Amino acid sequence: HVESRTMLMAAIAHDLKTPLTRLRLSIEDVPDPLREKLNGDIAHMDGLIRSAMSFTSAHKMNETLRPLDFSALVDSLSDDLCAVCTMEPARIEDNIMVKGDAVALKRILINLVENAGRYAGGCRIELASRGGKAELRVIDDGPGLPPEALETVFEPFHRLESSRNRDTGGTGLGLSVARALTEAQGGTLTAVNRYEGAKVTGLELLMILPMLSR
């Protein structure tokens, strides 16, 4: 049942690309204020389609996995991510090598940081090795999650708030895509609340990947 739903999602996302392209071309002669709004709607739909395609094609990623310097990738991307949300200086251990897909890993990290920016206003990134595993943490000081949502938040189309506003509610695919891409590279992605005593002081998103021998 899950496989058939995934195939259906992939087919719908693929079939939507053509009419979306036609729609983009057809509004070129529309007056500026309306054209700008329509272009925004089209960009939002395009983002949904790309997220759906990423989610449904993650299982094919084994073909593109290559040895790469995960430390260097995170370090270079962390500078750019400052434009996504407020970030503390990243804490990155050097020379952490993994077998992965650079584009997918960037997509995962962007999704995790965007999530922290949307719901907590800022975050910090930590990358370290432990027991032959690479551990990437995106840590925020936000409100955390209800215990029952720590797993369901990774389900497709689950939203952290009920708003349908694209600027606050997101698409509902970001974290599910991030987990699907992580698992396709042999890793895991989980969410845990951070506590100070009995009080929740933030959320930690933890991605663990197998390391390559140095």
Side-chain angles (χ1 to χ4, degrees), residues 2 6 50-82 84-85 87-120 122-140 142 144-145 149-156 158 160 170-171 173-194 202-214:
V2 171
T6 302
R50 284 186 285 106
S51 291
M53 295 294 285
S54 295
F55 178 76
T56 57
S57 63
H59 66 284
K60 301 177 182 177
M61 188 165 295
N62 278 335
E63 306 165 5
T64 64
L65 301 185
R66 299 288 185 275
L68 57 85
D69 188 334
F70 195 27
S71 298
L73 183 148
V74 174
D75 186 40
S76 64
L77 190 58
S78 62
D79 292 335
D80 298 333
L81 288 172
C82 292
V84 176
C85 77
M87 294 184 63
E88 299 178 20
R91 304 174 186 174
I92 302 171
E93 182 180 324
D94 293 333
N95 302 318
I96 294 180
M97 301 294 297
V98 300
K99 186 178 181 181
D101 180 285
V103 173
L105 289 172
K106 289 179 181 179
R107 178 74 184 276
I108 293 166
L109 189 54
I110 290 170
N111 282 352
L112 300 185
V113 171
E114 284 181 341
N115 180 78
R118 180 176 295 119
Y119 298 105
C123 67
R124 68 178 181 273
I125 296 172
E126 296 181 359
L127 176 63
S129 60
R130 180 178 301 175
K133 304 285 186 181
E135 296 185 351
L136 175 75
R137 290 175 166 82
V138 176
I139 302 168
D140 68 52
L145 288 172
L150 291 171
E151 182 60 28
T152 58
V153 72
F154 293 103
E155 294 177 1
H158 178 90
L160 290 173
T171 65
L173 276 171
L175 289 180
S176 59
V177 168
R179 173 174 275 189
L181 294 177
T182 300
E183 291 178 347
Q185 297 173 89
T188 61
L189 178 62
T190 55
V192 293
N193 283 323
R194 298 169 52 242
L203 186 72
E204 176 182 300
L205 292 163
L206 171 63
M207 179 172 68
I208 299 177
L209 292 173
M211 281 181 60
L212 295 178
S213 299
R214 299 180 181 178

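Note that the structure is a prediction, hence the values are computed from the model and not measured. Here, residue 1 is the first one in the sequence, and each next residue gets the next number.
Note: M87 CE to C82 SG = 5.5 Å, rounded to the nearest 0.5 Å. Distance CG/D94 to CG/L127: 9.5 Å, rounded to 0.5 Å. Distance check: L73 CG to L109 CG gives 8.0 Å after rounding to the nearest 0.5 Å. If you take CG on D140 and CG on N115, they are separated by 8.0 Å, rounding to the nearest 0.5 Å. Summarising the geometry, atom OG1 belonging to T188 is positioned 8.0 Å from atom CG belonging to L209; distances are rounded to the nearest 0.5 Å. From L68, atom CG reaches atom CG of L212 across 8.0 Å, with rounding to the nearest 0.5 Å.
With I125 as reference, L136 is the one residue of I139, D75, L136 to meet the side chain to side chain contact (heavy atoms under 4.5 Å, CB included) rule.
A search for salt bridge (charged side-chain N to carboxylate O under 4.0 Å, His left out) contacts involving R124 returns E126, not counting sequence neighbours. Taking the side-chain contact (heavy atoms from CB on, under 4.5 Å) definition, one finds that I110 meets it with L77, L81, E114, sequence neighbours left out.
Counting only residues at least two apart or in different chains, salt bridge (charged side-chain N to carboxylate O under 4.0 Å, His left out) contacts with residues 177-190 comprise E151-R179.
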TODO: Apply the test side chain to side chain contact (heavy atoms under 4.5 Å, CB included) to residues L206 and L189: give CA-CA distance (whole Å), side-chain angles for both, the deciding distance (0.1 Å), then the verdict.
DONE: CA-CA 6 Å; L206 171 63; L189 178 62; 5.9 Å; no
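For the residue pair A134 and V98, the shortest heavy atom distance occurs at CB-CG1, 4.0 Å. Here the closest heavy-atom approach between residue C123 and residue C85 is recorded as SG-SG, 3.9 Å. Taking both residues in full, the closest heavy atoms of F154 and L205 are given as CZ-CD2, 4.1 Å, listed atom of the first, atom of the second, then distance. Taking all atoms of both residues into account, the shortest heavy-atom contact from N193 to G144 is OD1-CA, 3.3 Å. Across every non-hydrogen atom of S78 and I92, the tightest pair is OG-CD1, 4.5 Å.
No salt bridge links K133 with E135; every basic N to acidic carboxylate O contact stays at or beyond 4.0 Å. A salt bridge does not link E204 to R194: none of the charged side-chain nitrogens sits closer than 4.0 Å to a carboxylate oxygen.
Judged purely by atom type and a 3.5 angstrom limit, S71 uses its side chain to pair as donor or acceptor with the backbone of I96. No donor-acceptor pair closer than 3.5 Å links the side chain of D101 to the backbone N or O of R66.
At least one side-chain heavy atom of L105 sits under 4.5 Å from a side-chain heavy atom of Q185.
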